[in-house]
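Here's the structure we're looking at; comments come further down.
Everything quoted here is computed from the prediction, not taken from an experiment.
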Amino acid sequence: MPVYIALYRGLNVGGKTAVKMEALRAMHERLGHRGVRHYVQSGNVVLATDDPAEDVARACAVAFARDFGFSARVLLVAADRWAEIVAGNPYADAAAEDPKTVHVAVCLGPPDAPKLAALLARTKGRESFEVRGDVVHLHAPDGLGRSRFADGMEKAAGVPMTLRNWRTVEALRDMAAAVED
């Protein structure tokens, strides 16, 4: 049975979008997903289902709005694709040294790399990024909270995205592998 990682955008940020992860896990179980696990309080769910990814994402969005009273975009990534993202990290050395400085932005479609490069040039930070398909790998050596580049990434990319830190990325890979076993 295929395993997916569901990334909910913007949950538990600023108080208006608070969702208990146990309630989110229960919603996924009501949808018939198996092996449902969540990671930290920010909308990261691992699940197994035989349903096509597009149907799962659509069902999650509808159920989420019904159960929690507001909408949240969910990006669904197959576990094998997630493992490729981890294995292909161009900032593996930086992640090993200080994982807080490395992030992955999963995009809903291919991001506009030239516009991201123009943003990086304008912000004059020490960040660097690499686009690989529908993913942006980001190294922010001064921290994400200080990054003017990170603040403008989504607008420059031209597609919706959700960002996860490297520790979360690795934890989700490990959780997905455990569901597959």
Side-chain angles (χ1 to χ4, degrees), residues 4-19 24 39-46 53-54 56-58 60-61 64-65 68 70-173 176:
Y4 295 96
I5 297 165
L7 305 169
Y8 287 84
R9 274 189 55 170
L11 296 191
N12 299 332
V13 177
K16 294 190 323 187
T17 59
V19 171
L24 186 60
Y39 180 71
V40 299
Q41 284 296 119
S42 59
N44 304 295
V45 178
V46 175
E54 300 80 25
V56 174
R58 191 173 22 263
C60 289
F64 185 93
F68 300 107
F70 65 96
S71 296
R73 184 179 303 272
V74 59
L75 284 81
L76 207 64
V77 181
D80 57 349
R81 172 69 176 120
W82 195 263
E84 291 171 3
I85 292 167
V86 173
N89 179 9
Y91 303 110
D93 291 342
E97 184 177 317
D98 187 359
K100 294 180 299 199
T101 66
V102 178
H103 299 78
V104 170
V106 177
C107 304
L108 195 60
D112 190 325
K115 286 186 179 175
L116 285 167
L119 172 65
L120 185 60
R122 280 194 312 276
T123 58
K124 297 180 171 81
R126 294 191 322 135
E127 301 88 351
S128 57
F129 74 92
E130 248 190 72
V131 173
R132 295 195 173 169
D134 60 352
V135 172
V136 179
H137 291 267
L138 171 65
H139 180 227
D142 298 324
L144 194 67
R146 302 176 118 187
S147 173
R148 290 179 41 218
F149 174 74
D151 286 344
M153 277 177 64
E154 185 171 43
K155 183 176 181 183
V159 291
M161 66 173 56
T162 188
L163 199 67
R164 297 298 188 269
N165 69 52
W166 192 249
R167 287 186 184 178
T168 297
V169 170
E170 288 185 313
L172 291 170
R173 176 205 54 203

*If every non-hydrogen atom of Ala94 is compared with every non-hydrogen atom of His139, which pair is closest and at what distance?*
CB-NE2, 3.5 Å
*Is there side-chain contact between Val45 and Ile5, with at least one heavy-atom pair below 4.5 Å?*
no
*Check: Tyr91/Thr101 side-chain N/O donor and acceptor closer than 3.5 Å*: no
_Any Leu172 side-chain heavy atom under 4.5 Å of Trp82 side chain_ = yes
*Roughly how far, to the nearest 0.5 Å, is the CG atom of Leu108 from the CG atom of Leu76?*
11.0 Å
*Considering all heavy atoms of both residues, which atom of Leu163 and which atom of Ala105 are nearest to each other, and what is their separation?*
CD1-CB, 3.5 Å
*Got a donor-acceptor contact below 3.5 angstrom from the Asn44 side chain to the Leu7 backbone?*
no
*Do Cys107 and Val135 come close enough that some side-chain heavy atom pair is under 4.5 Å?*
no
*Quick one: CZ on Arg167 to NE2 on His103, what's the gap to the nearest 0.5 Å?*
10.5 Å
*asked:* Can you tell me how far apart CG (Asp80) and OH (Tyr4) are? Round to the nearest 0.5 Å.
replied: 8.5 Å
_Pairs where residues 147-159 contributes a residue and the test side-chain hydrogen bond (donor to acceptor under 3.5 Å, both in side chains) is met, not counting sequence neighbours_ = Arg9-Glu154, Glu127-Ser147
*What is the distance from atom CZ of Phe68 to atom CG of Leu11, rounded to the nearest 0.5 Å?*
8.5 Å
*For the residue pair Leu120 and Ser128, what are the closest heavy atoms and their distance?*
CD2-CA, 4.4 Å
*If we only count heavy atoms from C-beta on, is the His137 to Ile85 side-chain gap below 4.5 Å?*
yes
*Taking it one step at a time, do Val74 and Phe64 satisfy side-chain contact (heavy atoms from CB on, under 4.5 Å)?*
CA-CA 9 Å; Val74 59; Phe64 185 93; over 6 Å; no
*Minimal non-hydrogen separation, Leu24 against Gly43, with atom names*: CD2-CA, 4.3 Å
*Show your reasoning for whether side-chain contact (heavy atoms from CB on, under 4.5 Å) applies to Val169 and Val86.*
CA-CA 7 Å; Val169 170; Val86 173; 3.5 Å; yes
*What distance separates Leu119 CG from Phe149 CZ, expressed to the nearest 0.5 Å?*
5.0 Å
*Shortest non-hydrogen contact from Cys60 to Tyr8?*
CB-OH, 3.5 Å
*Which atom names give the shortest non-hydrogen contact between Arg146 and Asp142, and what distance separates them?*
CD-O, 3.1 Å
*Answer yes if the side chains of Arg164 and Thr162 hold a donor-acceptor pair under 3.5 Å, and no otherwise.*
yes
*Value rounded to 0.5 Å, distance of CG in Leu138 from CE in Met153*: 5.5 Å
_Using side-chain heavy atoms (C-beta onward) and a distance below 4.5 Å, is Val102 in contact with Asn89?_
yes
